[in-house]
Structure formats: C-alpha cells, structure tokens
Amino acid sequence: MITLFPCLNDNYGFLLVEPESGLCATIDTPDGEHIAKELERRGLTLTHILNTHHHYDHVGGNLFLKEKYGATIVGPKADAKRIPGIDITLADGEVFKFGAYDIHLIHTPGHTLGHCAYYVPDEHSVFVGDTVFTMGCGRLFEGTPAQMFGSMAKLASLPGDTKVYCAHEYTLSNAAFAVTEEPDNLDLRAAVEAAKALRAKGLPTVPTTIAQELLTNPFMRAKTAKKLGEIRTAKDNF
Ligand code: ZN
Ligand code: FE
C-alpha cells in the first residue's frame, strides 16, 4: 500500500506499507514532523526510511524520524557519506527485502551523482525522487546529460504500467515548457489539460506512469544524450 501527501511547498511525502509484515517506510523525509503526524493519523509505526538522494528536502527529517521510531535508514551506496544516519547501503541493482516485498535500487545519476530510484514490483511502482517529474526531469546539479540519459533509459525499461512517484509537484510548469518542445504532440496536449484539471481541484498529478511519460515527457523521449542536454538547458532558461 502506498499513500502520498503534500509536504513542504511542493514536495510529496510517501508511505509504503507491506501489509503482511506491517513494515512501513517513508520514501525520503522532506519534513520529519509532518511525516510523523501522517503516520499517527494512519496508526502506522515507521520502520524504514528509503532515501533517493542527499538534498535537504529529501533527508531533512532523517535524524528526527530515526530518533523517534528507531527506523532503519536505507540509501544508495554512492551517496553513503551524504545521507544522515544511513544504516544500509545498496548498490545499483541490489534488492532490499522489505517483508514480502522486494525493493530494487536503481542508480539514477544526473540530478546528483548518487541519486537512486526504488522499484517495488509488488506495487507496480517506482519512487524516482528528483530524476523524473510528470512531463519533466530534475536539474543536472552534478551529473551530465549522458548520465541522465542513461538513468531515463533504465526507468523507461520498466513495465509501462509502473506507477511513477515523483518527489515534487512541478507538473504545470513542466507542462508549459513541454508543449514548446513538442507543439504537435497530441498525447502531451491531453496530458496538459488533464493536469490543469487536477490542479484546479487541488489534486496531485503524481503518480504518473512509465507509459504515459514515454508518450509525453520530452526528456524521456529524447533520442540522444545530446538532445536531452539541449532540452534541459532550454528548460533551465524557460
Ligand atoms: Zn533534489
Ligand atoms: Fe527535491
């Protein structure tokens, strides 16, 4: 079971529960106290923290929640030194046993060098942090276009119906840019209208799916790393 709630200005908080064991993970910790309230509201006890990358809006609540619940912190090996309180490190492709669920770490460098995604086949879901956003992608703070291109390709190879849990609600801004890249893409036009309708009602545009992003996301649709880099630069200046 996965639940999502808005956190900080434009982040999402995510709770993942494996029902057989009752294990409960938060994916990243944008706001420790807010996450603790959501856990309480749902009668859940946090057992794990899964971090996607070291940015403050993703690890800021790590130590607070670890202290409060004794939660085990899991993160990418590549970023072990930058994730507060980390207990278990996983390399690309390694699997973490979460009760009856297998959680696969996928190294997705680009936004940062250590960035990873967590693929949970039992939930047909992937938590992508700041790698992919609905109709967008994360800024290249540390990585190269080639690295982000490789990361996108890894995610694109997941089953099309995989739900993609992006860490921010950036969709309308991404949509406004995406239509300038692909003005003739009718799937994109439809997605933009659907996103506007959701946001008008205050509803999230997350999760999206891999199949949907392959139809509408200019960064996932870029055929080469060079093209992805050009689109990223254009978005940075949009
Ligand atoms: Zn970030
Ligand atoms: Fe972020």
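Note that ligands are numbered from 1 as they come in the structure, with each ligand's atoms numbered from 1 the same way.
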*Can you find a side-chain donor-acceptor pair between T131 and T108 that sits under 3.5 Å?*
yes
*Where the Zn ion (ligand 1) is the corner point, what angle links NE2 of H53 with NE2 of H111, to 10°?*
100°
*Should D161 and I210 be marked as a side chain to side chain contact (heavy atoms under 4.5 Å, CB included) after you check the CA-CA gap, both sets of side-chain angles, and the distance that decides it?*
CA-CA 6 Å; D161 66 351; I210 294 291; over 6 Å; no
*Name of the D57 N, O or S atom nearest the Fe ion (ligand 2)?*
OD2
*Atom of H168 closest to the Fe ion (ligand 2), considering N, O or S atoms*: NE2
_the Zn ion (ligand 1) - closest N/O/S atom in H55_ = ND1
*For residues H115 and H107, is any side-chain donor paired with an opposing acceptor at under 3.5 Å?*
no
*asked:* Among the N/O/S atoms of D130, which is closest to the Zn ion (ligand 1)? Give the atom name.
replied: OD2
*asked:* Going by side chain to side chain donor-acceptor pair (under 3.5 Å), H168 matches just one of D57, T134, N9, N174. Which one?
replied: D57
*Check whether the side chains of T72 and D87 place a donor and an acceptor atom closer than 3.5 Å, and report yes or no.*
no
*Is any side-chain N of the basic residue among E193 and R189 closer than 4.0 Å to the acidic one's carboxylate O?*
no
*Any N/O/S atom, backbone or side chain, of H111 lying under 2.8 Å from the Fe ion (ligand 2)?*
no
*asked:* As a test of reading the structure, name the N/O/S atom of D130 that is nearest the Fe ion (ligand 2).
replied: OD2
